[in-house]
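Below you'll find the structure, written out as structure tokens, and then a few comments.
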Amino acid sequence: MKKIFGELNITWKKLIIFSIIIGIYTGVVAMLPFLRDTSFADISITFEWWVLFGTLIIINSKSPKESALKCFVFFLISQPLVYLVQVPFNPYGWGIFKYYPEWFKWTCLTLPMGYVGYYLKKDKWWGLFILTPVILFVGSHYSGFLREALTFFPNHLLSAIFCAFTMILYSLFIFNDKKLKYISLGISIVTLIGMSVLSIVQGNNYYNTTVLISGGETGFEFDDTYTVTLKDEDFGRLYIVYEENIEEYMVNAEFKKIGETEFSLTSPDGEEYVYKITVNRSSYERERLK
């Protein structure tokens, strides 16, 4: 492991080839429906893998200037490719690049971050002030993934484990000085414990959505005199509200579990409408049964 953190020969040619490969890979996994809302697609949305890539480039660079430039070029090549490979398959077409400006800002920030990050190699006490924000940043990702895993298990569990693993990895292998190593490791462990407690205290991440609107495609009208029942209450809850903007009643949902279940809408005189619903992390499929 120590070879990876400081003994890799990352030439410009290798850097460019890896930038192209990881950009294409990320764009592909972002498009695969069966990977949606899983840890395998997180690389296309969140930062934990990109922090690792940037850290490895920094630690294996030979000067602050090289560190800054290599980080910048890596992101400058890989990030546009993520969107470019999706253009032929995405409904937005070239419009998908509307998501790129935020990543371009981060790409520009890699110049100062790569330059400053190089000084982690000096193995000095002030290196803790460089690494600690990285640990806290990855720790915030860990907290988000843990809440997702606790709510929609096992979604994003691997990403939570990956964040925890890399936080420990950075502490153990960036510094050679034992005192710095132990202090950094302590910061990582305290962060993991704190973020774990915070995730548990904050509770479930609900998927809030509307599953029915009175009239229209439902084929019938309903109001707040109707009752709505979820067959498996472990999925969350359904409730009827009146939306003034469209002047219609709706059945809203707070889902905290993915899978398949049924719900029924019952009128005051006992007439029942039953639906099968398949709940995903941020989408659902509904089918009327009767």
*Answer yes or no on whether Arg237 is positioned over the face of Tyr239, meaning its NZ or CZ is under 6.0 Å from the six-membered ring centre and within 45° of the axis.*
yes
*State yes or no: do Leu109 and Leu76 share one hydrophobic cluster built from I, L, V, M, F, W and Y residues joined by side-chain heavy-atom distances below 4.5 Å, directly or via other members?*
yes
*Spatial distance of atom CD1 (Ile45) from atom CZ (Arg36) [nearest 0.5 Å]*: 10.0 Å
*Going through the checks in order, is the side-chain contact (heavy atoms from CB on, under 4.5 Å) test met by Phe162 and Asp42?*
CA-CA 11 Å; Phe162 176 80; Asp42 286 334; over 6 Å; no
*Just wondering, do Tyr142 and Ser196 contact through their side chains at under 4.5 Å, heavy atoms?*
yes
*State whether the side chain of Lys98 and the backbone N or O of Tyr92 hold a donor-acceptor pair below 3.5 Å, judged by distance alone.*
no
*Specify the closest pair of heavy atoms between Tyr284 and Thr210, including all atoms of both residues, with the distance to one decimal.*
OH-O, 2.7 Å
*In terms of ring plane angle, is the pair Phe222 and Phe220 parallel, tilted or perpendicular, where the classes change at 30° and 60°?*
tilted
*In Å, rounded to the nearest 0.5 Å, how long is the span from CD1 of Ile57 to CZ of Phe75?*
6.5 Å
*Going by heavy atoms in the side chains, are Val51 and Thr166 under 4.5 Å from each other?*
no
_With heavy-atom distances below 4.5 Å as the criterion, would you say the side chains of Lys179 and Ile183 are in contact?_
yes
*Answer yes if Leu120 and Trp126 sit in the same cluster of Ile, Leu, Val, Met, Phe, Trp and Tyr residues linked by side chain heavy atoms under 4.5 Å apart, and no otherwise.*
yes
*Side-chain heavy-atom pair Val251, Tyr226 within 4.5 angstrom cut-off*: no
*Sub-3.5 Å donor-acceptor pair from the side chain of Glu148 to the main-chain atoms of Gly144, do we have one?*
no
*asked:* Distance check, rounded to the nearest 0.5 Å: Gln79 atom CD versus Thr110 atom OG1?
replied: 10.0 Å
*Decide yes or no for Tyr275 and Leu212: does some side-chain heavy atom of the first lie under 4.5 Å from some side-chain heavy atom of the second?*
yes
*CG-SG distance between Leu158 and Cys163, expressed to the nearest 0.5 angstrom*: 11.0 Å
*Do any N or O atoms from the side chain of Tyr119 and from the backbone of Pro64 form a donor-acceptor pair under 3.5 angstrom?*
no
*asked:* Between Asp232 and Glu262 (side chain of the first, backbone of the second, donor and acceptor by atom type, cut-off under 3.5 Å), is there such a pair?
replied: no
*I would like to know whether Ile59 and Phe173 meet side-chain contact (heavy atoms from CB on, under 4.5 Å); could you show each step before the answer?*
CA-CA 10 Å; Ile59 295 301; Phe173 294 101; over 6 Å; no
*What heavy-atom pair brings Leu146 and Ala160 nearest, and what distance separates the two atoms?*
N-CB, 4.0 Å
*Work out which heavy atom in Asp177 is nearest to a heavy atom in Leu180; give both atom names and the distance.*
OD1-N, 3.0 Å
*Can Ile168 and Leu192 be said to form a side-chain contact (heavy atoms from CB on, under 4.5 Å), step by step?*
CA-CA 10 Å; Ile168 300 298; Leu192 285 171; 4.1 Å; yes
*Is a side-chain donor-acceptor pair under 3.5 Å present for Thr151 with Tyr206?*
no
*Would the number of heavy atoms belonging to other residues, nucleotides or ligands and lying under 6.0 Å from CD of Glu272 be above 12?*
yes
*Okay, side chain of Thr132, backbone of Phe129: is any donor-acceptor separation there less than 3.5 Å?*
no
*Without swapping roles, check the side chain of Ser171 against the backbone of Met167 for a donor-acceptor pair under 3.5 Å.*
yes
*Side-chain heavy atoms under 4.5 angstrom apart, residues restricted to Ile, Leu, Val, Met, Phe, Trp, Tyr: same cluster for Val85 and Ile20?*
yes
*ring pair (Phe, Tyr, Trp, His ring centres under 6.0 Å) between Phe255 and Phe235, worked out*: CA-CA 5 Å; Phe255 291 122; Phe235 275 78; 7.0 Å; no
*Only pairs at least two apart or in different chains count here, so list each salt bridge (charged side-chain N to carboxylate O under 4.0 Å, His left out) that has a residue in residues 187-198.*
none
*Nearest 0.5 Å please: distance from the OH atom of Tyr242 over to the OG atom of Ser214.*
10.0 Å
*Name the orientation class of the two ring planes belonging to Phe97 and Tyr83 (parallel below 30°, tilted from 30 to 60°, perpendicular beyond 60°).*
tilted
*Could you please spell out the steps behind the side-chain contact (heavy atoms from CB on, under 4.5 Å) verdict for Phe18 and Phe53?*
CA-CA 10 Å; Phe18 182 68; Phe53 297 148; 3.8 Å; yes
*Establish whether Val274 and Val228 are linked, either directly or via other cluster members, by ILVMFWY side-chain heavy-atom contacts under 4.5 Å.*
no
*Flag yes if more than 12 heavy atoms outside Lys124 fall under 6.0 Å of its NZ atom; otherwise flag no.*
no
_If you take the centroid of each ring, where Trp contributes its six-membered ring, are Trp50 and Phe47 closer together than 6.0 Å?_
no
*Non-hydrogen atoms of Ile43 and Glu48 that approach each other most closely*: N-OE2, 4.3 Å
_Verify same cluster id: Ile22, Ile77 (apolar side-chain graph, 4.5 Å)_ = yes
*Going by heavy atoms in the side chains, are Trp94 and Leu84 under 4.5 Å from each other?*
yes
*Could you tell me whether the side chain of Ser19 and the main chain of Ser78 form a donor-acceptor pair under 3.5 Å?*
no
*Determine, stepwise, if the pair Tyr273 / Ser267 fulfils side chain to side chain donor-acceptor pair (under 3.5 Å).*
CA-CA 9 Å; Tyr273 304 89; Ser267 69; over 6 Å; no
*In Å, rounded to the nearest 0.5 Å, how long is the span from CG of Asn155 to CG of Leu150?*
12.0 Å
_Is any side-chain heavy atom of Leu131 closer than 4.5 Å to one of Phe175?_
yes
*Any idea which heavy atoms bring Phe145 and His156 closest together, and the distance?*
CB-O, 3.7 Å
_Using every non-hydrogen atom in the two residues, find where Phe40 and Val29 come nearest and quote the distance to one decimal._
O-CG2, 3.9 Å
_Between Ser44 (side chain only) and Ala41 (backbone N and O only), is there a donor and an acceptor less than 3.5 Å apart?_
yes
*Say whether, by atom type as modelled, one donor and one acceptor occur between the side chain of Asn90 and the main chain of Ile96 under 3.5 angstrom.*
no
*Please list, chain by chain and in numerical order, all residues satisfying salt bridge (Lys or Arg N to Asp or Glu O under 4.0 Å) with Glu271, sequence neighbours excluded.*
none
*Check whether any side-chain N or O of Ser184 sits under 3.5 Å from a backbone N or O of Lys181 as a donor-acceptor pair, and report yes or no.*
no
